[in-house]
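Below, chains carry the letters A, B, ... as their sequence lines are ordered, and counting in each starts from 1.
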Amino acid sequence: MLWTRTLIPTMKESPEGAEIPSHVLMLRAGLVNQVMAGAYTYLPLGLRSLKKAERIVREEMDAAGAVELSMPSMSSRSLWEQTGRVAAFGDVLIQLTLNRAGRKVNVVLGPTHEEIITDLVSRQINSYRQMPITLYQIGPKFRNEERPRFGVLRTSEFLMKDAYSFNASVESLGESYDAMYKAYCKIFTRCCLPFLPVEAESGPIGGDASHEFMIPAENGEDSVLHCAACGYAANQEKADVGSRDCTPPTDVAQKPLTKIPTPGAHTIEQVSAFLKCKPQKLIKTLIYVADGQPIAVLVRGDHDANEGKIRRARKASKLELASPEIIEKVTGAPVGFAGPVGMKEKIPVLADRDVERMVNAITGANENEAHLVNVNPSRDFTPDVYADLRNAVDGDPCPRCSERLALRHSIEVGHVFKLGTKYTEALNAKFLDADEQLRPIIMGCYGIGMNRIIAGLVETSHDADGIIWPMSLAPYEVVLTLVKVPDEASMKAAMELHEQLTAAGVEVLLDDRECRAGVKFKDADLIGIPLRVVIGDRGLKEGKFELKWRWTKDAEKIDVAGAAEKIADWVRAERQSGERFRSRQTEG
RNA sequence: CGGGGCGUGGCGCAGUCUGGCUAGCGCGUCUGGUUUGGGACCAGAAGGUCGCAGGUUCGAAUCCUGUCGCCCCGACCA
């Protein structure tokens with residue numbers, strides 16, 4: 001491809017508003033163009049990379065035995081009502097009303113495709129002999145995000161690979177799940193992404209086992225806890241806190257319980273500021289409603305309660321924070337002054353393990369504008385149960401090996417989970433088993449955010465000059481930098497090399513713009529093509545081209561004769577292995 | 001939805017507080033010339049309803065009201 005024949009609008013300055021590296025560089029390198037908040041055009045360069053990611057995903061899905069199909073973005077709302085997801089998605093679900101011959105037709109734009117594929121399968125699969133089967137597609141998804149942000153990392157329309165497995169048994173589901181898990185590892189490895197599979201909650205989508213594939217990155221929206229010692233990794237919602245000493249220290253004297261007025265202080269920040277103490281001196285008392293029953297949950301002031309853990313501790317299926325009315329009824333005080341003392345007589349009290357060893361703590365007094373100081377567990381209150389009820393934080397003990405967990409921000413690029421029968425039961429997808437019993441089909445589902453592969457790569461692989469693509473995702477594999485366009489010998493050599501490389505199956509971009517060499521070098525670095533060949537009169541006099549990898553500092557010279565074969569060989573090798581790219585990463 | 005910021009040629013910005021010449025600057029684009037290995041120089045040119053609407057005023061990019069859009073933080077979230 002000739003540079004002057006395609007569209008690569010590079011920019012020296014980054015557009016106002018772009019802040020994180022992937023967003024800035026994708027705009028500056030002319031990969032994408034913003035249409036509105038959360039919607040982007042993929043320009044030729046960006047689209048080429050996206051298509052390459054798609055190809056890798058297809059190859060690995062096919063190799064793992066999955067079969068591709070394609071489902072529409074539009075579907076009837078009634079299908080989504082059957083699974084309760086019109087309500088579950090809320091405003092995130094994009095709904096349209098169409099006029100058809102005077103009738104109103106309610107349509108949703110698919111945020112994911114469980115309903116549609118399960119509806120299909122309910123008609124087409126009815127015997128255990130037709131399973132296991134895994135079906136996938138790569139297509140657009142629509143989600144009216146509350147706040148699209150970070151360039152293409154969070155958008156209202158995005159490209160997703162979604163796969164769904166249908167199994168006759170839980171064991172079979174496990175095998176399908178493992179196959180997808182392994183395929184994901186191969187995909188992200190081929191994309192040269194530094195990924196980390198982490199244990200995850202399955203979230204509102206339901207199910208009982210799930211892993212997220214994360215790319216550790218400063219600007220990631222998700223938090224994971226990772227143990228460098230044993231490899232344990234889980235997202236913050238899921239991560240367990242390992243065992244630690246929870247017995248109260250014996251060398252600190254317990255002071256007498258005292259009630260003090262705290263006018264206007266009803267948040268942890270306000271109370272700690274008012275009493276000039278750290279939040280970890282406070283016990284946060286949260287009133288939840290678990291399956292209709294109000295309960296009190298105690299965590300240290302600087303910790304966050306974890307609803308999944310609370311739900312499990314109570315074996316509750318539904319859990320939500322109590323309304324101000326219920327809180328007032330239960331505690332006898334407005335929101336902000338709840339405390340555990342005397343609470344046990346009224347409602348169940350659950351406390352996080354870290355609360356047990358607190359001494360002379362501060363809590364609400366269950367009375368307007370008042371707190372208790374020098375509250376001591378056991379002496380002043382005893383919860384019904386101590387359990388792990390909070391989000392893990394940086395430095396917590398690992399649940400496996402007790403070393404310290406490290407908190408890392410990350411970008412979620414993939415998610416695999418075992419769904420079970422949530423959708424198949426709702427949509428009546430049953431099959432006849434070998435023992436002639438009618439059973440619901442067991443499902444798994446597996447997603448990859450295609451745009452996040454691209455953004456995640458840019459986010460983790462760039463330098464001051466621009467993007468650094470691995471060969472496997474680069475929009476072009478080789479850029480030919482023609483130093484002097486008017487020089488006939490140079491142009492002839494460039495065209496010949498371009499032709500030879502193209503014939504050898506190498507993706508080449510020839511920079512034939514009539515501008516100074518410096519501009520071309522800067523742009524080549526910005527768009528990040530892995531291999532650059534400089535064609536100039538200086539080198540040609542010696543019968544040489546100059547060759548440089550994007551991530552190395554120095555160029556090497558190669559003979560014009562036989563250059564195409566050599567370059568093609570290197571490109572092919574690097575395309576497969578990514579070895580050179582990775583060695584640069586470890587160098588920092 | 002709460003808090004903050006912004007909207008002026010394709011891109012980045014100044015001008016707005018304190019209303020007043022023909023709305024500027026840098027980059028980019030076009031023409032001509034000199035250049036030519038890490039974002040050249042000279043000369044000239046094109047390109048703007050100052051987000052939109054209404055109002056105040058002799059006069060509005062600037063003041064007032066409304067509205068649309070964009071970005072950041074938070075809340076929320078496969």
Looking for any heavy atom pair under 4.0 Å, which part of the strands does A/Gly539 touch: base, sugar-phosphate only, or nothing? base
Picking from B/C71, B/C76, B/C73, which would you name as closest to the side chain of A/Glu146? B/C76
Applying the Watson-Crick and G-U wobble criteria at under 3.5 Å, what pairs with B/U31? Answer none if nothing qualifies. B/A43
CG of A/Asn219 versus P of B/C72: gap in Å, rounded? 11 Å
Before accepting this row, confirm whether a basic side-chain N of the pair A/Arg77/A/Glu81 lies closer than 4.0 Å to the acidic partner's carboxylate O. yes
Say you pick atom C1' in B/C21 and the same atom in B/G59; how far apart are they, in whole Å? 13 Å
Testing A/Leu27, A/Ile8, A/Asn33, A/Thr6 for side-chain contact (heavy atoms from CB on, under 4.5 Å) with A/Leu43, which one passes? A/Asn33
Earlier contact from the 5' end, RNA chain B, for A/Met160 and A/Lys548: A/Lys548
Rounded distance in Å - CG (A/Asp537) to P (B/U36): 11 Å
Under a 3.5 Å cut-off for both distances, is B/C50 Watson-Crick or wobble paired, and to whom? none
Compare the minimum distances between each of B/G37, B/G12, B/G38 and the side chain of A/Glu13, then state the nucleotide with the smallest one. B/G12
Could you check whether the side chain of A/Glu16 and the base of B/G7 have a donor-acceptor pair of N or O atoms closer than 3.5 Å, going by distance alone? no
Compare the minimum distances between each of B/C73, B/C77, B/C27 and the side chain of A/Lys12, then state the nucleotide with the smallest one. B/C27
For A/Phe158, report the nucleic acid contact type (base, sugar-phosphate, nothing); a contact means any heavy atom under 4.0 Å. nothing
According to the interplanar angle, ranging from 0 to 90°, do the rings of A/Phe188 and A/Phe213 count as parallel (below 30°), tilted (30 to 60°) or perpendicular (above 60°)? tilted
Across all chains, not counting sequence neighbours, the ring pair (Phe, Tyr, Trp, His ring centres under 6.0 Å) partners of A/Tyr40 are A/His23
Select base, sugar-phosphate, or nothing to describe what A/Glu145 touches, counting heavy atoms under 4.0 Å on all strands. nothing
Rounded to the nearest 0.5 Å, the CD1 atom of A/Ile411 sits from the CZ atom of A/Phe195 at a distance of 15.0 Å
Answer with base, sugar-phosphate or nothing: what part of the nucleic acid does A/Ser14 contact at a heavy-atom distance below 4.0 Å? sugar-phosphate
Is there a side-chain polar atom (N or O) of A/Arg516 under 4.0 Å from OP1 or OP2 of B/G39? no
Say we look at B/G7 and B/U16: how far apart would their C1' atoms be, to the nearest angstrom? 13 Å
Atom P, compared across B/C1 and B/A46: separation rounded to whole Å: 47 Å
Whole angstrom is fine here: how far is it from CD in A/Glu320 over to P in B/A75? 20 Å
Heavy atoms under 4.0 Å, any strand shown: does A/Val519 hit a base, just sugar-phosphate, or nothing? base
Rounded to the nearest 0.5 Å, what separation is found between the CG atom of A/Leu427 and the CD atom of A/Gln82? 5.5 Å
Checking only heavy atoms, does the side chain of A/Arg532 share a donor-acceptor pair with the base of B/G38 at less than 3.5 Å? yes
Once you apply a heavy-atom cut-off of 4.0 Å, does A/Glu412 come out as touching a base, just sugar-phosphate, or nothing? base
What integer number of Å spans the P atoms of B/U22 and B/C27? 27 Å
C1' atoms of B/G19 and B/G15, separation to the nearest Å: 13 Å
Counting only Watson-Crick pairs (N1-N3 plus N6-O4 or O6-N4) and G-U wobbles (N1-O2, O6-N3), all under 3.5 Å, who is the partner of B/C1? B/G74
Among A/Met61, A/Lys161, A/His415, side-chain contact (heavy atoms from CB on, under 4.5 Å) partner for A/Tyr446: A/Lys161
Roughly how far apart, to the nearest Å, are B/A23 and B/G47 at atom P? 14 Å
What's the closest nucleotide to the A/Arg149 side chain, out of B/C11, B/C73, B/G37? B/C73
Looking at B/G37, B/A75, B/A40, which one has an atom nearest to any side-chain atom of A/Arg147? B/A75
Would you mind reading off the distance between A/Arg28 atom CZ and B/C27 atom P, rounded to a whole angstrom? 16 Å
A/Lys238 bridged to A/Glu212 by N-O distance under 4.0 Å: no
Using Watson-Crick or G-U wobble geometry with both distances below 3.5 Å, tell me the partner of B/U36, or none. none
Heavy atoms from C-beta onward define the side chain here; which of B/U36, B/G38, B/C72 lies closest to that of A/Glu19? B/C72
Of A/Phe89 and A/Met11, the one whose closest nucleotide on RNA chain B sits nearer the 5' end is A/Met11
Report which part of the nucleic acid A/Lys522 touches: base, sugar-phosphate, or nothing (heavy-atom distance under 4.0 Å, all strands). base
Atom pair distance, as rounded to whole Å: CD in A/Glu514 and P in B/G33: 12 Å
With both distances under 3.5 Å as the test, what is the Watson-Crick or G-U wobble partner of B/A23? none
As its Watson-Crick or G-U partner within any shown strand, both distances under 3.5 Å, B/C17 has none
If you measure from the P atom in B/C52 to the same atom in B/G69, how many Å do you get, rounded? 15 Å
Hey, does A/Met36 reach any base, or is it just sugar-phosphate, or nothing, if we go heavy atoms under 4.0 Å? sugar-phosphate
Euclidean distance, atom CZ of residue A/Arg154 to atom P of B/C71 [Å, nearest integer]: 14 Å
Round to the nearest Å and state the distance from A/Asn33 atom CG to B/C70 atom P. 14 Å
Any donor-acceptor pair under 3.5 Å linking the side-chain atoms of A/Arg311 with those of A/Tyr288? no
Spacing of A/Leu27 atom CG relative to B/C70 atom C1', expressed in whole Å: 13 Å
Let's see if you can work this out: which of B/G37, B/G39, B/A75 has an atom nearest to the side-chain heavy atoms of A/Glu546? B/G37
When the C1' atoms of B/G12 and B/G4 are considered, how many whole Å apart are they? 22 Å
Both distances under 3.5 Å, Watson-Crick or G-U wobble: report the partner of B/A60, or none. none
